[in-house]
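Just so it is clear, the values below take in all heavy atoms, side chains as well, and ignore hydrogens, waters and symmetry mates. Naming: A, B, ... by sequence-line order, numbering from 1 per chain.
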Protein chains: 2
Amino acid sequence: MTDAEYMNIWMRPERPARGPKPAYSRAQITEAAVRIADAEGLEAATMRRIAAEIGAGAMSLYRYVPSRDDLVDLVADRLMAEIDLEGIPSGDWRADLTRYAEGVRAMWLRHPWIATVHRSRTSFGPNQLLLIERLMGVLDAFVSIDENLSLMAILNGYVEGAAREEVSRAEELRRSGLSESEWMARSGPRIHQLLESGEYPIFRKIVMEARQPHLSRDDQFRYGLERVLDCIAAALPSTAEPPVAAHREGQQDRDD
Amino acid sequence: MTDAEYMNIWMRPERPARGPKPAYSRAQITEAAVRIADAEGLEAATMRRIAAEIGAGAMSLYRYVPSRDDLVDLVADRLMAEIDLEGIPSGDWRADLTRYAEGVRAMWLRHPWIATVHRSRTSFGPNQLLLIERLMGVLDAFVSIDENLSLMAILNGYVEGAAREEVSRAEELRRSGLSESEWMARSGPRIHQLLESGEYPIFRKIVMEARQPHLSRDDQFRYGLERVLDCIAAALPSTAEPPVAAHREGQQDRDD
DNA sequence: CATAACCGCGTACAACGTACCCAGTGGAGG
DNA sequence: CCTCCACTGGGTACGTTGTACGCGGTTATG
């Protein structure tokens, strides 16, 4: 009855009124968890391991955080803070959304284990809220809130999906403890078997393309992103045209 | 050294050559796991619980599956089989992609816990491969494989992102064991505090809209989906126009 | 029919999150 | 100043998890 009344970590005050000074802090614990997760994956960031990292006893963490799940909430929100939103919205919606998208992707690549934290654990943190506020602010002047939500769902879906895709391979390698070449050697037989079966002609095309990619991963991401932004542009009123045509420099219109 | 040479579950044969007839099967175990996950979430589908469900001893499962993670691979692939791909590709790409998207979303809503299984655990299963083959086949005649991958990344990102969003609330409620009204009562103070602070004007708009939604969730999804399909249409050569204009019946062109 | 390869599964263990308890500490009230 | 008690860090212990190991029984193959 004393703890259950707090819905989530954001409602619970960090520091109480009286008593001795705490030796650690939520921020410090969160930082340690991120450090361990970066090095060995989120599943390695156990309560004991995190406590050891900051030189505390395992149970001491529970003075700062009610459960490991809540700690993961803190970690997830901490990651959101890495996305640079300085000056967004700037008035140039296309530049803003591009910067946002690349910022999110870069953060995912720095912390691939974010793929293993669930969306429901991400809500209502201060950095998460700030991000929503800034991102939704980009198109707020041009479209209704429904429209805005719909468009940002497309953008976020693309960005997160692409990041997930890129990151899943890396995570699989890390978990299995294999190197890229070892993994290829192990998967070779299966892939070969699939290709030889002749049942998967398109899968064959994908594998061939993957062996000799036309574009770097960065460029693949940017290419798809431009498409999504074109899609958003088509949904905007003409008043939303950016002041100067200084973007889309590296990318020209598609024509097969 | 005897097991480690198999990269994943799909390379390992289910049944060996000699010995007594197995009493169970991978399919049966997988089905039991899905049943438990549907009822109580994936985290409730422990090895002991699954074994009990089919009337086996806990360790018996390891005769069929090398680890729980591999069992989750089987489960993930089993879910893919629920997506109806009959007659896809049909020649009408827009109808095909619409049916695919709604099939994926429906599957997510039936099995919300799919949000907790990671992408890297999903690769190379037979149903997964069939799905790739069929889905990529829809636009294969019209665009290059790179272009196709790029467009499907946008579509899949939208579909999966939207499904994740819808499902996360439901999962949070289930995990906390609260009813919708209890949850609202618990979260009320936090949301109220955020709204009152005045720092989050757009978040306020979102909350207001969520209280009185203009569109049902189904319609919200379809609305965004139509946008994504329009985006794809713009990337296709004119030869890809569908034979008849019998779709998009409930949706008319956007004009603000 | 002997044998080796398989079966189901009971026991056991390490690692996890965390409940509970304790002794020590330091600001508030006298 | 002292006293008090809400707080602190953290050791011990428990229930649950995945799963290694080994047993005794079963069956296709030689």
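For the pair B:Tyr24 OH and C:dC6 C1', the interatomic distance rounds to 16 Å; values are reported in whole Å. Rounded to whole angstrom, the span from the CD1 atom of B:Ile54 across to the C1' atom of C:dG8 amounts to 11 Å. For the pair B:Glu43 CD and D:dG15 P, the computed distance is 21 Å after rounding to whole Å. What separates CG of A:Leu61 from P of C:dG17 is a distance of 10 Å, to the nearest Å. Separating the CZ atom of B:Arg48 from the P atom of D:dT17 is a distance of 7 Å, rounded to the nearest angstrom. Between A:Gln28 atom CD and D:dG9 atom P the separation is 10 Å, expressed in whole Å. Across the protein-nucleic acid pair, B:Ile50 atom CD1 and D:dT19 atom C1' stand 14 Å apart, rounded to whole Å. As a whole-Å value, the separation of A:Ile29 CD1 from D:dG10 P is 11 Å.
Of the listed nucleotides (D:dT17, D:dG9, C:dG17), C:dG17 has the atom at the smallest distance from the side chain of A:Arg68. Checked against D:dG10, D:dG25, D:dT19, the side chain of B:Pro20 finds its nearest nucleotide in D:dG25. The listed nucleotides are D:dT27, D:dC21, C:dG8; the one nearest the side chain of B:Met59 is D:dC21.
Regarding contacts with the backbone of D:dA28, a side-chain N or O of B:Lys21 is found under 4.0 angstrom from either OP1 or OP2. Phosphate contact (OP1/OP2 of D:dC7, side-chain N/O of A:Tyr64, threshold under 4.0 Å): absent. Regarding contacts with the backbone of D:dG9, every side-chain N or O of A:Ser60 stays at 4.0 angstrom or more from both OP1 and OP2.
When heavy atoms are screened at a 4.0 angstrom cut-off, A:Ala56 is found touching the sugar-phosphate backbone but no base atom. Counting any heavy atom pair closer than 4.0 Å across all strands shown, B:Ala51 reaches no nucleic acid atom.
For C:dG8, its base sits under 3.5 Å from the side chain of B:Arg63 at one donor and acceptor pair at least.
What you find for B:Trp10 and B:Gly125 is that their closest heavy atoms are CE2-CA, 3.3 Å.
Ring geometry for A:Tyr158 versus A:Phe221: interplanar angle under 30°, hence parallel rather than tilted (30 to 60°). The aromatic rings of B:His118 and A:His118 sit parallel to each other, their planes meeting at less than 30°, with 60° as the upper class boundary.
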Dump the intermediate steps for side chain to side chain donor-acceptor pair (under 3.5 Å) on A:Asn156 and A:Tyr100, then the final yes or no. CA-CA 10 Å; A:Asn156 273 322; A:Tyr100 164 77; 2.5 Å; yes
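The nearest heavy atom of DNA chain D to B:Ala58 and to A:Ala58 marks one nucleotide each, and the one closer to the 5' end goes with A:Ala58.
For the pair B:Arg169 and B:Trp183, the cation-pi criterion (under 6.0 Å, within 45° of the ring axis) is fulfilled.
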